[in-house]
Protein chains: 2
Amino acid sequence: MSQFVHPNLNDVPLPIVLHALGDSVRLQIVQNLAREGELSCAKAAPEQIVAKSTRSNHFKVLRAAGIVRTRKAGRIYLSSLRREELDERYPGVLDSVLAAAVDQAAD
Amino acid sequence: MSQFVHPNLNDVPLPIVLHALGDSVRLQIVQNLAREGELSCAKAAPEQIVAKSTRSNHFKVLRAAGIVRTRKAGRIYLSSLRREELDERYPGVLDSVLAAAVDQAAD
DNA sequence: TCTATAGTTCAATATTTCCGAACTATTGAT
DNA sequence: ATCAATAGTTCGGAAATATTGAACTATAGA
């Protein structure tokens, strides 16, 4: 049903962004999107890790934080990072987080 | 009782750091410490905002995330940012967060 | 049209966070 | 020495969040 709401980044306070990034599953999703570009929910966060409904909720959190944009393509939902926008609003934050996350990846 | 535990930053995963920063009260504490240097708990986070016990817990979270170091001085506990260490472990993260937080401050 | 797939929503449970109350330790005054 | 005040911690329960399975929606393909 719902076509998703993607907030204007000016309306997203910094703690919301950091909170969204401050979860290992979501951070992994963000990393995957950074590495691979647009991905389906399933590919961005394999279901072994969390239940399908939890995963869906993680994407909701990421969207609400302005970190991810999701569009529907057939029966799939493709998400991608809002990199430039985010970098304009909060310069360096996403970049440094992604750089820091690189050496943590355990897959 | 407890003399505080301050983890080695190598033992602190990135999501823990981001989670600690992803709360408006804690972020404000961090900003205050960045601006003023070493501060007592009370000065870093005035009690009007949250209960004393909550504030105490926020500091515990910040310590566990390796963001803050606390030492006892008389009946006061002085906390300060672990800036250099944090910057060595996660370059740019704290700096960009502090820079981004500046224009958000509402006091 | 029937079945499978991808994801959402909902309601219940599990986990976290927040708070007040009781406690510890230190200081300063009497 | 004792008493009162201050700064913070710890604890247990209440409030808020997160996670999950089950039921649902929508699309695609046979």
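Predicted model only: the values in this text are computed from it and were never measured. Any value given below was found using the heavy atoms of this structure, including those in side chains, with hydrogens, waters and symmetry copies removed. Chain A is the first sequence line, chain B the second, and so forth, proteins listed ahead of strands; every chain is numbered from 1.
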Between B:F4 and B:F59, is the ring centre distance below 6.0 Å?
no
Whether the side chain of A:N32 engages the backbone of A:Q28 through a donor-acceptor N/O pair (distance < 3.5 Å, no angle test) should be reported.
yes
Rounded to whole Å, the CD-C1' distance (B:Q48 to C:dC18) equals 17 Å
Touch check for A:R71, heavy atoms < 4.0 angstrom, all strands: base, sugar-phosphate only, or nothing?
nothing
Is the closest side-chain heavy-atom distance between B:E38 and B:L81 below 4.5 Å?
no
Picking from D:dG8, D:dT10, C:dG7, which would you name as closest to the side chain of B:K60?
D:dT10
Which nucleotide, D:dG29, C:dT8, C:dT27, lies nearest any side-chain atom of A:R75?
D:dG29
Residues sharing B:I76's hydrophobic cluster, by side-chain heavy-atom contacts under 4.5 Å among ILVMFWY, directly or via others?
B:L78
Give a yes/no on whether any side-chain N or O of A:R63 is located under 4.0 angstrom from OP1 or OP2 of C:dG7.
no
Quick test: give all pairs of protein nitrogen or oxygen and nucleotides 13-20 of chain D nitrogen or oxygen below 3.5 Å, distance rounded to 0.1 Å.
from	atom 1	to	atom 2	distance (Å)
D:dA18	OP1	A:H19	NE2	3.3
D:dT20	OP2	A:A51	N	3.3
D:dT20	OP2	A:T54	OG1	2.5

Mind calculating the distance between OH (A:Y77) and P (D:dA26) to the nearest angstrom?
9 Å
Is there a side-chain contact between A:V5 and A:R63 in this structure, where contact means two heavy atoms from C-beta onward sitting under 4.5 Å apart?
no
Among D:dA26, C:dT8, D:dG8, find the nucleotide with the atom closest to the side chain of A:K72.
D:dA26
Got a salt bridge between A:E36 and A:K43, using NZ or NE/NH1/NH2 to carboxylate O under 4.0 Å?
no
Separation of C:dT17 P from B:F59 CZ (nearest whole Å):
17 Å
B:F4 CZ to C:dT24 P, straight-line distance once rounded to whole Å:
16 Å
